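The structure under discussion appears below in the form of structure tokens.
Quick caveat: nothing in here was measured; it's all calculated off a predicted structure. Both ligands and their constituent atoms are indexed starting at 1 by order of listing. Sequential numbering from 1 along the given sequence is applied to the chain's residues.
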Amino acid sequence: MKLLILNGPNLNLLGLREPAIYGTQDYAALVRFVEDVCRQENIECEIYQSNHEGALVDKIQSAYGVFDGIVINPAAYTHTSVAILDALKAVALPAVEVHLSDVSQREAFRQISYAGMACVKTYMGLGFEGYRQAVQYLKHLLQK
Ligand code: CA2
């Protein structure tokens with residue numbers, strides 16, 4: 001089983017600012033966390049972060065026929081990107097949306113998730129743990 005883990009803009013800056021919202025650990029720690037989870041679950045993974053919408057769209061497109069599922073935190077593009085929504089729909093791989101923070105309790109502009117419309121499940125407000133839940137959810141779904 002092979003999963004693509006995608007992270008959107010500014011997540012590479014984790015730990016530098018807003019620790020009350022996003023925690024104190026940096027992006028390298030998130031990568032290590034997800035790699036450890038995938039190792040424990042016996043899942044192959046590729047973890048990719050970009051600050052560019054088109055690069056994320058290209059990566060989703062390239063997942064077709066290569067990966068079995070996608071875990072995606074589109075970051076700010078969650079709330080704006082029909083292009084990412086369309087790419088997820090186009091490849092039609094099971095996708096799970098993750099947010100470190102509980103976006104449902106934040107600003108009005110964060111209340112819409114375009115990417116979420118193409119996802120089978122969303123985890124929010126769990127910090128890094130949300131990625132573990134997402135990987136495990138996809139594992140169980142794909143084993144059915
Ligand atoms: O809670 C999440 O995971 C988000 O996807 C994070 C995004 C935000 O735009 C979404 O609404 C919710 C922001 C990503 C990183 O932002 C940083 C801001 C300051 C310092 C470091 C990272």
Distance from [atom] to nearest protein heavy atom, with residue and atom:
{"atom": "atom 1 (O) of ligand 1", "result": "Ser101 OG, 2.6 Å"}
{"atom": "atom 16 (O) of ligand 1", "result": "Tyr22 CE1, 3.7 Å"}
{"atom": "atom 22 (C) of ligand 1", "result": "Asn10 O, 3.4 Å"}
{"atom": "atom 2 (C) of ligand 1", "result": "Leu100 N, 3.3 Å"}
{"atom": "atom 4 (C) of ligand 1", "result": "His99 ND1, 3.7 Å"}

Which segment of Arg110 sits under 4.0 Å of ligand 1 when only heavy atoms are counted: side chain
Ligand 1-proximal atoms of Leu16, by part, heavy-atom distance under 4.0 Å: neither
Closer than 4.0 angstrom, basic N to acidic O: yes or no for [X] and [Y]?
{"X": "Asp86", "Y": "Lys89", "result": "no"}
{"X": "Glu107", "Y": "Arg110", "result": "yes"}
{"X": "Glu46", "Y": "Lys2", "result": "no"}

Identify the two heavy atoms, one from [X] and one from [Y], that lie closest to each other, and give their separation to 0.1 Å.
{"X": "Leu56", "Y": "Ser50", "result": "CD1-O, 4.0 Å"}
{"X": "Leu138", "Y": "Gly69", "result": "CD1-C, 4.3 Å"}
{"X": "Pro9", "Y": "Ala76", "result": "CG-N, 4.3 Å"}

Relative to the heavy atoms of [X], which atoms of ligand 1 are at a distance of less than 4.0 Å?
{"X": "Val103", "answer": "11 (O), 12 (C)"}
{"X": "Leu13", "answer": "21 (C)"}
{"X": "His79", "answer": "10 (C), 11 (O)"}
{"X": "Ala76", "answer": "9 (O)"}
{"X": "Glu18", "answer": "18 (C), 19 (C)"}

Are side-chain N/O atoms of [X] and [Y] paired as donor and acceptor at under 3.5 Å?
{"X": "Asn51", "Y": "Glu53", "answer": "no"}
{"X": "Glu97", "Y": "Ser113", "answer": "yes"}
{"X": "Tyr131", "Y": "Asn7", "answer": "yes"}

Please say whether [X] places an N or O atom under 3.5 Å from an N or O atom belonging to ligand 1.
{"X": "Leu11", "result": "no"}
{"X": "Arg106", "result": "no"}
{"X": "Arg17", "result": "no"}

Plane angle bin for Phe33 and Phe128 - parallel if under 30°, tilted between 30 and 60°, otherwise perpendicular: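 If you compare the ring of Phe128 with that of Phe33, the planes turn out tilted.
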